[in-house]
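This report concerns only the one structure given below.
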Amino acid sequence: MAKKTIMLGNEAIARGAFEAGVKLSSAYPGTPSTEISEYLAKYEEVYTEWAPNEKVAAEVAIGASISGVRSMACMKHVGLNVASDPLYTFAYTGVNGGAVLVVADDPGLASSQNEQDTRMVARSAHVPVLEPADSQEAKDFMKYAYELSEKYDTPVILRTTTKLAHSQSAVELCDRVEVADKPYERTVPKYVMMPASAIGRHLVVEEREKRLAKDAATLPVNRVEMGDRKLGFITCGIAYQYVKEVCPEASVLKLGLTNPLSRELIEKFVSEVETVYVFEELEPVIEEQVRAWGLDVKGKECFTLQGEYSANLLRRVLYGKDDTAFAKAEAPARPPILCPGCPHRSVFSVLSKLKIHAAGDIGCYTLGAVAPLGVIDTTICMGASISSLHGMEKGKGKDYIKNWVAVIGDSTFLHTGVNSLINMVYNKSTGTVMILDNRTTGMTGHQDHAATGKTLKGEETYAIDLAELCRAIGVPNVIEINAFDVKGLEQVIRESVASDTLTVIITKSPCVLLKGQKFPNKCVVDPDLCKKCGACMKIGCPAMTRREDGKVQIDATMCNGCGLCMNYCKFNAIQVVER
C-alpha cells in the first residue's frame with residue numbers, strides 16, 4: 001500500500017525530483033523557493049548545492065544535463081532574470097539528460113521587490129511551463145517535467161507561487177526511479193551556439209513548440225471538468241483551488257501546461273460553455289492568447305493584475321460580496337523591523353547620526369529604509385547598490401557622493417556585488433562600499449554561502465575571505481571592523497566618504513538568529529538616571545519601550561545584550577549585565 005503524508009508544496013517538489021531520479025540540483029536561496037533545496041539536500045542520492053547566483057545555478061544544471069544526467073535549478077521569479085541569459089540559449093541547445101528549472105513567483109509581494117510572471121519569460125524563451133495546483137501535483141508534475149524534457153528535447157520550467165510553495169496537502173510517496181545516464185556525443189551544431197548553429201537550432205525550437213502545442217490537447221496535465229455549461233473557467237495553478245471552492249458546479253478547463261497552450265482544447269471548451277472566465281494570477285498570459293484566437297472570454301477587466309488571488313476575490317466578482325466566514329480579520333499594523341541585536345541596526349544608527357544616504361540592496365537591510373533609522377534610499381536588485389553609487393558619481397561628480405555609501409550583504413556581494421565592485425575599480429571610481437557581513441543569507445532563512453565555510457549539506461569547505469577578495473580585485477582601501485564598534489565605525493565612515501579613494505568597509509558581526517548563538521548578557525535601565533531624552537529609542541530596537549512615566553524600559557526576554565543602546569545614552573542610565 002502506497003504511503004501518504006502531508007507535505008508543503010516545496011517539500012513535494014523536492015520529493016518529485018528525488019523520485020524522478022534527479023542526480024544534481026543547484027540553487028540560490030530566494031523566498032518562496034528556498035525550502036526546495038533544503039528538503040532535497042536530505043536525500044543522499046542527489047548532489048545539491050548553493051550557487052553564488054541563479055545564473056551559475058542554471059549553468060551548473062545545464063552542464064549536468066549535457067553530460068547525460070537529470071538535473072534541476074531552483075530560484076524565485078527575480079532570480080530567473082539573472083538566469084535568463086543561459087536559459088534562452090539552453091532552449092536552443094536542448095537537453096541530453098532531462099533538465100527542469102523550478103521558478104517560484106511571488107504574487108502579493110510577500111518577500112520581493114516586484115511582481116513578475118515567469119510565464120512571460122518562458123513564452124519569450126520558448127520554454128514549456130507546468131503549473132501544479134497542490135502538493136500532490138507539485139510532486140507529480142515535477143516527475144512529468146522530466147518526461148517532457150527528454151521527449152521534446154527541451155528544458156522545462158515548473159512554475160510555482162508563494163501560496164502553493166507554503167501550503168500543505170496530502171502526497172502519495174513512490175520509490176525513486178534510477179534513470180540510466182545518457183551517453184554524451186560531441187555534437188557541435190547542437191551544443192555550440194555560434195551563429196551558424198543557432199540559426200538551425202532556432203528552427204528546431206519552433207517546430208518543437210508547434211509539436212508540443214498540438215500534443216497538449218491530450219497531455220494528462222490538462223483536463224476538462226464539465227459541469228454547468230452556463231458558467232466556465234479556464235484556470236491554472238493555485239487559482240484552480242479557488243474556482244473549485246466558489247463554483248464547484250461550474251465547468252473548468254484546468255491547464256497544467258500553460259506554455260504552449262492547446263488551441264484545440266481551449267477552442268472546444270469555449271464553444272461548449274456560455275460564459276467563460278480566464279482566472280489566472282498576475283499577467284493575462286492565457287487570456288491574451290485566447291483573445292488573439294478570436295475567442296470571447298472574460299478576464300482582467302474583472303480581476304486584478306496585482307496581488308494574490310483568493311476565493312473571496314472570485315466571490316466579489318461573481319456575487320458582489322465576500323463569504324464572511326472567510327473574511328480577513330482586522331489586525332493591528334505590524335511593520336517589519338530588524339531583530340533585537342541585529343548588527344545592521346548598529347551600522348544604520350551611525351549612518352543616521354552622520355546624515356548619510358545609503359544606496360541599498362536586497363536583504364534584511366532594506367528595513368533600514370523605514371523609521372526611525374531611515375538611511376536606505378534605494379533598493380533595486382541584487383548588486384545594484386554598488387553599481388548605482390558608481391552611476392551617481394559618474395553622473396554628478398565626486399562631491400555628490402560625499403554623503404552617500406553603498407550598503408550590501410555578504411551573500412548578495414558574492415551574488416552580484418563583486419562584479420559591480422570590479423566595475424568601480426576598473427573605471428576609477430571613488431566612493432564608500434559597506435559590506436554588512438553577518439555570516440549568512442539572512443532574509444531567506446540563514447542559508448550558507450561561499451564565505452561561510454559550509455556547503456548546503458553542512459560539509460566544511462573553503463570560506464572566501466571578503467577582505468582579501470576586495471584587495472585582489474584592486475580596491476585600494478579595505479577596512480574590517482566590528483559592527484557594534486560605534487565610535488570606530490563613525491570615524492572610518494567619516495574618513496572614507498570625505499576621501500577621494502575607493503573604500504570598502506566590511507562590518508563583521510554574525511546574525512543574532514544564527515544557530516548556536518549565545519547571549520550571556522542583557523541591557524538594563526536605571527530609572528533613576530533615565531532623563532527621558534529618547535536618544536536610545538532612535539535606534540528602533542523592539543526590545544525598548546517607554547513606561548507610563550516616559551522613562552525607557554528594556555524587555556529582558558527580547559534583549560540579547562548587544563549594548564548598542566548604551567552607546568547612545570549620555571547619562572549612563574543603561575548598563576550591560578550578566579543574565
Side-chain angles (χ1 to χ4, degrees), residues 20-24 26 51 53-73 75 79-103 117-130 144-159 179-219 221-222 257-264 285 288-289 292-293:
V22 169
K23 286 193 172 180
L24 175 143
S26 187
N53 63 36
E54 295 86 358
K55 178 178 185 291
V56 173
E59 290 161 352
V60 169
I62 291 169
S65 169
I66 291 173
S67 76
V69 304
R70 287 186 169 184
S71 65
M72 63 184 287
M75 61 204 69
L80 184 60
N81 298 335
V82 182
S84 63
D85 191 4
L87 174 66
Y88 275 74
T89 303
F90 194 25
Y92 275 34
T93 68
V95 304
N96 189 16
V100 176
L101 270 68
V102 180
V103 185
D117 197 317
T118 290
R119 297 174 301 171
M120 302 283 281
V121 178
R123 283 184 65 178
S124 179
H126 302 283
V127 173
V129 178
L130 292 174
Y144 190 63
Y146 286 95
E147 295 181 28
L148 287 182
S149 177
E150 291 168 355
K151 179 179 179 180
Y152 293 93
D153 188 20
T154 179
V156 174
I157 290 176
L158 184 90
R159 179 193 185 231
V179 180
D181 295 356
K182 291 179 170 54
Y184 168 74
E185 296 180 9
R186 185 174 186 267
T187 314
V188 170
K190 177 171 167 59
Y191 293 121
V192 182
M193 282 303 99
M194 52 191 174
S197 298
I199 290 171
R201 291 301 298 182
H202 194 181
L203 297 175
V204 171
V205 171
E206 287 184 37
E207 289 305 313
R208 176 183 73 206
E209 194 165 43
K210 289 177 183 177
R211 183 161 60 99
L212 188 52
K214 182 179 179 182
D215 295 349
T218 57
L219 291 181
V221 293
N222 294 330
L257 182 73
T258 53
N259 186 62
L261 296 173
S262 169
R263 181 169 184 171
E264 176 187 344
V285 175
E288 287 182 350
Q289 183 61 74
W293 290 331

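This chain uses plain numbering: 1 for the first residue, then up along the sequence.
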*For E209, which residues count as a side chain to side chain donor-acceptor pair (under 3.5 Å) partner, sequence neighbours excluded?*
H126
Whether the side chain of [X] engages the backbone of [Y] through a donor-acceptor N/O pair (distance < 3.5 Å, no angle test) should be reported.
X    : Y    : result
Y146 : S71  : yes
R208 : A91  : yes
S65  : G97  : yes
S124 : V121 : no
T89  : P86  : no
S149 : A99  : yes
D85  : K55  : no

*State plainly whether the residues R70 and E150 are in salt-bridge range, i.e. N to O under 4.0 Å.*
yes
*Could you tell me whether R201 and D153 have a side-chain N and a carboxylate O separated by less than 4.0 Å?*
yes
Rounded distance [0.5 Å steps], [atom1] in [X] versus [atom2] in [Y]:
X    : Y    : atom1 : atom2 : answer
I199 : M194 : CD1   : CE    : 11.0 Å
L261 : E288 : CG    : CD    : 11.5 Å
M120 : L80  : CE    : CG    : 13.0 Å
K151 : D215 : NZ    : CG    : 5.5 Å
T154 : Y92  : OG1   : OH    : 12.5 Å
N96  : I66  : CG    : CD1   : 8.5 Å

At their closest point, which heavy atom of [X] faces which heavy atom of [Y], and how far apart are they?
X    : Y    : value
Y184 : S67  : CB-O, 4.2 Å
L257 : A216 : CD2-CB, 3.8 Å
M193 : A198 : SD-CA, 3.8 Å
N81  : S84  : O-OG, 2.8 Å
V100 : A145 : CG2-CB, 3.6 Å

Student check: side-chain heavy atoms of [X] and [Y] closer than 4.5 Å:
X    : Y    : value
V95  : F90  : yes
T258 : V285 : no
L130 : P128 : no
R159 : V103 : no

*Check step by step if side-chain contact (heavy atoms from CB on, under 4.5 Å) holds for D181 and K23.*
CA-CA 10 Å; D181 295 356; K23 286 193 172 180; 2.7 Å; yes
*Under the side-chain contact (heavy atoms from CB on, under 4.5 Å) criterion, do I157 and N259 qualify, and how do the steps go?*
CA-CA 9 Å; I157 290 176; N259 186 62; over 6 Å; no
*Would you check if there is a donor-acceptor pair between the side chains of S197 and Y191 at a distance under 3.5 Å?*
no
